[in-house]
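Single-structure report; data block below.
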Amino acid sequence: MEKTFLMVKPDGVQRNLIGELVTRFEKKGFHLVGAKLMTVTKELAENHYGEHKERPFFGELVDFITSGPVFAMVWEGDNVISTARTMMGATNPKDANPGTIRGDYGVQVSMNVIHGSDSPTSAEREISLFFNENELNEYTKTISKWV
Ligand code: DAT
Ligand code: MG
């Protein structure tokens with residue numbers, strides 16, 4: 001079953017959006033396999049956002065993601081990687097449709113509430129960067145045959 005890495009960014013944590021965002025993915029029918037409140041180190045931030053190293057906003061991005069706790073999660077489900085991206089909305093909240101997370105809760109591109117892996121390769125990479133094997137829970141819910 002496909003897994004993705006989602007993270008409530010420091011702005012989402014400060015704005016008390018953890019519960020709301022977890023609820024959206026739960027109600028959609030996805031399956032939570034790991035979650036933790038944590039503070040991202042500079043080293044982890046630079047590794048996680050390595051693809052953006054040459055971008056002008058890289059320093060600001062690393063400073064922001066390390067500025068306060070984040071809520072890191074692993075979610076499982078059919079097409080969860082692309083569906084979670086659709087639920088998140090466009091990177092820049094000004095372009096994100098109402099009803100999406102960034103469309104409903106974001107204003108600035110640099111503080112856009114949530115991170116989500118953009119491909120199977122990045123999902124695998126990001127899950128292993130943020131979680132140890134023993135922090136991922138494999139379990140079955142009775143409801144899984146209905147949703
Ligand atoms: P996404 O988070 O939708 O995958 P991304 O990978 O292109 O977007 O960029 C990573 C983060 O970097 C993004 O969530 C917010 C920040 N960012 C992107 N473009 C930016 C810009 N032009 N100015 C400031 N921050 C930006
Ligand atoms: Mg990205």
Side-chain angles (χ1 to χ4, degrees), residues 1-138 144 147:
M1 185 71 84
E2 190 171 285
K3 289 188 181 68
T4 196
F5 173 69
L6 302 179
M7 172 170 65
V8 183
K9 295 185 180 183
D11 56 329
V13 174
Q14 295 293 325
R15 294 172 57 204
N16 300 319
L17 291 174
I18 295 173
E20 163 69 22
L21 301 183
V22 168
T23 298
R24 287 191 180 214
F25 295 104
E26 281 187 316
K27 285 189 171 169
K28 175 68 178 166
F30 291 134
H31 181 73
L32 184 64
V33 299
K36 58 185 172 183
L37 188 71
M38 62 181 280
T39 301
V40 177
T41 63
K42 187 161 191 264
E43 185 188 16
L44 176 57
E46 287 176 347
N47 195 345
H48 171 64
Y49 282 126
E51 66 175 313
H52 300 301
K53 206 164 45 200
E54 308 305 330
R55 310 280 287 275
F57 57 83
F58 183 68
E60 179 194 333
L61 181 59
V62 169
D63 286 349
F64 171 58
I65 213 71
T66 58
S67 66
V70 301
F71 193 67
M73 301 171 280
V74 176
W75 287 86
E76 189 174 80
D78 285 341
N79 299 309
V80 67
I81 299 170
S82 67
T83 302
R85 292 282 301 189
T86 303
M87 291 168 68
M88 287 162 51
T91 299
N92 193 328
K94 83 176 165 56
D95 303 320
N97 289 326
T100 66
I101 292 166
R102 287 160 169 174
D104 287 350
Y105 300 119
V107 176
Q108 304 173 46
V109 66
S110 54
M111 294 188 187
N112 58 6
V113 187
I114 188 165
H115 168 85
S117 306
D118 62 7
S119 68
T121 308
S122 65
E124 199 179 333
R125 190 179 90 84
E126 293 167 2
I127 290 168
S128 65
L129 269 179
F130 281 83
F131 285 88
N132 295 318
E133 270 302 320
N134 64 6
E135 294 175 305
L136 302 178
N137 304 275
E138 300 295 341
S144 62
V147 180

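Quick note: numbers below take in every heavy atom, side chains included, and nothing from hydrogens, waters or symmetry partners. For ligands, and for the atoms within them, numbers begin at 1 and follow the listed sequence. All figures in this text were calculated on a predicted structure; none of them were measured in a lab.
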Note, [X] side chain near [Y] side chain (heavy atom, < 4.5 Å):
{"X": "L61", "Y": "R55", "answer": "no"}
{"X": "N112", "Y": "N92", "answer": "no"}
{"X": "D78", "Y": "M1", "answer": "yes"}

Does an N or O from [X], backbone or side chain, lie closer than 3.5 Å to an N or O of ligand 1?
{"X": "R102", "result": "yes"}
{"X": "H52", "result": "yes"}
{"X": "H115", "result": "no"}

I'd like to know whether the aromatic ring centres of F30 and W75 sit less than 6.0 Å apart in this structure. no
Which residue and non-hydrogen atom of the protein lie closest to [atom], and at what distance in Å?
{"atom": "atom 15 (C) of ligand 1", "result": "V109 O, 3.2 Å"}
{"atom": "atom 18 (C) of ligand 1", "result": "F57 CZ, 3.5 Å"}
{"atom": "atom 13 (C) of ligand 1", "result": "N112 ND2, 3.6 Å"}
{"atom": "atom 11 (C) of ligand 1", "result": "L61 CD1, 3.8 Å"}
{"atom": "atom 1 (P) of ligand 1", "result": "T91 OG1, 3.5 Å"}

Touching ligand 1 at all, K9? Heavy atoms, strictly under 4.0 Å? yes
Going by heavy atoms, is D118 under 4.0 Å from ligand 1? no
Taking CD in E26 as the centre, count heavy atoms belonging to other residues, nucleotides or ligands within less than 6.0 Å. Is the count above 12? yes
Can you tell me how far [atom2] of [Y] sits from [atom1] of [X], rounded to the nearest 0.5 angstrom?
{"X": "T91", "Y": "R85", "atom1": "OG1", "atom2": "CZ", "answer": "5.5 Å"}
{"X": "D11", "Y": "F64", "atom1": "CG", "atom2": "CZ", "answer": "3.5 Å"}
{"X": "K36", "Y": "F131", "atom1": "NZ", "atom2": "CZ", "answer": "5.0 Å"}

So which bit of M88 gets within less than 4.0 Å of ligand 1, heavy atoms only: side chain, backbone, both or neither? neither
Need the ligand 1 atom indices (1-based, order shown) with element for anything under 4.0 Å from a heavy-atom of R85. 1 (P), 3 (O), 4 (O)
